[in-house]
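Down below is the structure, laid out as structure tokens.
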Protein chains: 2
Amino acid sequence: MTATDAALGGLRAMIASGDIAPGQRFPPEAELCVRFGVSRSSLREAARILSTLGVVEVRHGSGMYVSRLDPADVVRGFSLTVDLLPLEGLLQLLEIRRVLESHASAQAAARASDELVTRLHALADRMEAAVDLDELGRLDRAFHEAICDAGGNPTVSSLMEVFRSRGGHYRIMTSDHADPVRRASDAGHRAIAAAIGRRDPAAAATAAAAHVAQTEYWLSRMKPAPDADPVAAPRGPERSDPAGVSP
Amino acid sequence: MTATDAALGGLRAMIASGDIAPGQRFPPEAELCVRFGVSRSSLREAARILSTLGVVEVRHGSGMYVSRLDPADVVRGFSLTVDLLPLEGLLQLLEIRRVLESHASAQAAARASDELVTRLHALADRMEAAVDLDELGRLDRAFHEAICDAGGNPTVSSLMEVFRSRGGHYRIMTSDHADPVRRASDAGHRAIAAAIGRRDPAAAATAAAAHVAQTEYWLSRMKPAPDADPVAAPRGPERSDPAGVSP
DNA sequence: TTAGGCGAGTCGTCCGACGACTCACCCGGC
DNA sequence: GCCGGGTGAGTCGTCGGACGACTCGCCTAA
């Protein structure tokens with residue numbers, strides 16, 4: 001049992017026992033040190049762990065506070081990691097994104113406001129007209145974010161934001177196949193917006209899944225391709241070949 | 001820009017640039033300190049952040065290494081947080097679990113080996129016979145883990161393990177309604193195993209979703225219930241009322 | 001050849017100090 | 001009386017040095 005572990009356990013116990021409620025402040029570091037019997041360095045490392053996980057928040061000159069323990073905040077800490085993941089890991093994340101975003105789209109379709117539908121079509125318009133790739137990335141994120149937010153689960157929304165944060169998948173726009181990719185992407189956005197406009201959850205889910213699958217498809221083609229063509233090895237029953245995109 | 005941020009950025013840059021490949025060792029702390037112009041304390045806090053996120057691994061007496069950057073490992077770091085989440089956050093996580101585990105079950109059904117089906121039914125047998133609640137929790141985790149592993153996405157499997165790690169949801173087994181909960185849970189496991197045995201992805205997905213929804217239902221009843229009966233406010237089209245469980 | 005010791009290298013922890021920041025309190029001006 | 005700014009105690013951020021614990025390659029001796 002290392003000193004940092006002891007401090008970590010002590011802090012977690014104080015939270016778990018309800019001793020310190022969300023939003024409340026911990027005693028100062030010096031006091032916690034004597035309570036746990038560790039040095040300030042070890043205590044600070046333990047605090048750093050919890051702050052990385054989004055459990056506590058340390059404010060310079062003020063003190064250490066328990067965060068609201070909202071899963072959406074917790075999830076956000078991952079954005080630091082996602083840009084470091086290799087391609088193989090990204091594909092696993094994209095499969096999760098496909099499933100969850102499909103789900104969120106269905107939820108959004110079931111409860112969409114007229115404002116949302118108008119907004120989605122407006123974003124689709126601007127995406128089709130965009131020339132700057134950065135601009136395109138921003139619009140794309142806004143489009144999907146609006147849908148996820150309407151899905152009603154903030155954790156899902158936050159998780160999708162993290163997965164999407166690596167805007168790098170738009171680098172495929174600079175590859176040789178930029179044009180068909182772009183057209184298929186625009187069509188996908190239209191299909192999703194239309195399904196949500198019709199308040200058709202099943203259609204929205206299908207359209208969203210196909211849209212993400214399209215990204216998966218193009219991204220998987222950037223793999224070194226160790227043995228087989230990715231198309232010949234679909235990864236499951238839901239893996240639909242993006243219509244109109246395959247060569 | 002704080003000193004810790006500087007060190008964090010430096011370390012991340014070394015990884016992102018491919019300067020240090022996965023599995024390789026960083027220079028010793030002292031050298032990194034002079035390179036980034038920070039003290040050893042600050043460098044160690046930055047290293048602690050990355051090790052919490054699963055990006056690096058620090059071995060006592062040996063050095064700091066870049067991890068394999070496997071999303072499954074990264075996700076695992078969350079288990080420390082999950083048991084601190086309040087009930088409301090748990091419900092958001094359960095919705096994600098419902099969606100992802102439903103997906104994994106469909107995948108598993110599409111590619112199930114005979115061994116898997118045998119194993120699932122054996123686990124279901126033991127769960128029905130179990131009397132110890134800890135034993136029951138272990139069997140339940142093993143059952144769902146086997147399915148997720150067969151789903152083929154290690155990240156999903158790891159994520160589900162984290163969500164499930166809070167075995168606490170089995171505390172509902174000690175509530176007044178322990179008996180119907182237990183019966184419904186057993187029936188749910190049977191239904192999932194049977195669907196996978198029939199290699200029926202759609203049925204497996206539905207059965208898995210219903211099984212998790214059942215947990216959501218009972219857990220949501222433990223809420224302070226601010227205004228309405230949870231049953232009167234379903235959270236989406238997929239939210240099926242667990243058959244045979246409702247009062 | 002091999003088992004064991006040994007020592008250099010590295011991380012884990014502690015201590016003391018000082019600067020930076022926050023916040024509540026106090027005081028003077030309006 | 002009200003408001004604004006100064007001020008000081010409290011707290012976190014960072015630094016430097018020191019020493020113990022652990023790892024691992026090397027070397028010695030059986």
Side-chain angles (χ1 to χ4, degrees), chain A residues 1-15 19-69 73 76-77 80, chain B residues 1-15 19-69 73 76-77 80:
Chain A
M1 175 66 114
T2 71
T4 301
D5 284 340
L8 181 63
L11 292 176
R12 292 185 69 223
M14 290 177 75
I15 301 171
D19 202 355
I20 315 272
Q24 273 191 324
R25 201 184 70 176
F26 279 90
E29 292 180 349
E31 182 176 332
L32 292 173
C33 287
V34 305
R35 182 183 304 199
F36 302 145
V38 300
S39 75
R40 199 168 153 228
S41 323
S42 300
L43 179 81
R44 280 185 61 77
E45 293 210 18
R48 186 62 85 171
I49 291 175
L50 290 178
S51 93
T52 301
L53 292 173
V55 175
V56 306
E57 185 186 352
V58 182
R59 301 182 203 153
H60 189 182
S62 175
M64 178 164 61
Y65 299 77
V66 180
S67 81
R68 290 181 295 103
L69 288 177
D73 292 334
R76 203 161 287 128
L80 275 183
Chain B
M1 174 64 114
T2 70
T4 301
D5 285 339
L8 182 63
L11 292 175
R12 290 186 70 225
M14 291 177 74
I15 302 172
D19 201 354
I20 315 271
Q24 271 191 324
R25 201 184 71 175
F26 280 89
E29 292 179 349
E31 182 176 332
L32 293 172
C33 287
V34 305
R35 180 184 305 198
F36 302 143
V38 301
S39 74
R40 200 167 153 228
S41 321
S42 300
L43 178 82
R44 281 185 61 77
E45 292 211 18
R48 186 61 86 171
I49 291 175
L50 290 178
S51 92
T52 300
L53 291 173
V55 175
V56 306
E57 184 185 354
V58 183
R59 302 181 203 155
H60 189 181
S62 175
M64 179 164 60
Y65 299 77
V66 181
S67 80
R68 290 180 296 105
L69 288 176
D73 291 334
R76 203 160 288 128
L80 274 183

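Numbers restart at 1 for each chain; the letters A, B, ... are given by sequence-line order, proteins then strands.
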Most 5' of A:G37 and B:A30 on DNA chain C, judged by nearest nucleotide: B:A30
What are the 5'-most and 3'-most nucleotides of DNA chain C lying under 4.0 Å from any heavy atom of chain A?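 With heavy atoms of chain A under 4.0 Å away, the range is C:dT13 to C:dT22.
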Heavy-atom pair with the smallest gap, counting every atom of A:A6 and A:M1: N-SD, 3.9 Å
Any side-chain N or O of B:T4 less than 4.0 Å from the OP1 or OP2 oxygen of D:dG13?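 Checking B:T4 against D:dG13: no side-chain N or O falls below 4.0 Å of OP1 or OP2.
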Presence of B:S39 side-chain N/O under 4.0 Å of D:dC15 phosphate oxygens OP1/OP2: yes
Round to a whole Å and report the spacing from CE of B:M1 to P of D:dT14.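 The answer, rounded to whole Å, is 11 Å.
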What is the distance, to the nearest angstrom, from the CZ atom on B:R25 to the P atom on D:dC24?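 Rounded to the whole Å, the gap is 10 Å.
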Checking all strands, does A:R59 fall into the base, sugar-phosphate, or nothing category for heavy-atom contacts under 4.0 angstrom?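 It contacts sugar-phosphate atoms only.
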Name the pairs: protein N/O against N/O of nucleotides 17-19 of chain D, kept only if under 3.5 Å.
unit_1 : atom_1 : unit_2 : atom_2 : d
D:dA18 : N6     : B:R40  : NH1    : 3.1

Testing A:R44, A:R35, A:R48 for salt bridge (Lys or Arg N to Asp or Glu O under 4.0 Å) with A:E29, which one passes? A:R44
Does A:R12 reach the main-chain N or O of B:L80 with its side chain, forming a donor-acceptor pair under 3.5 Å? yes
For A:E57, is there any backbone N or O sitting under 3.5 Å from a side-chain donor or acceptor partner on A:S51? no
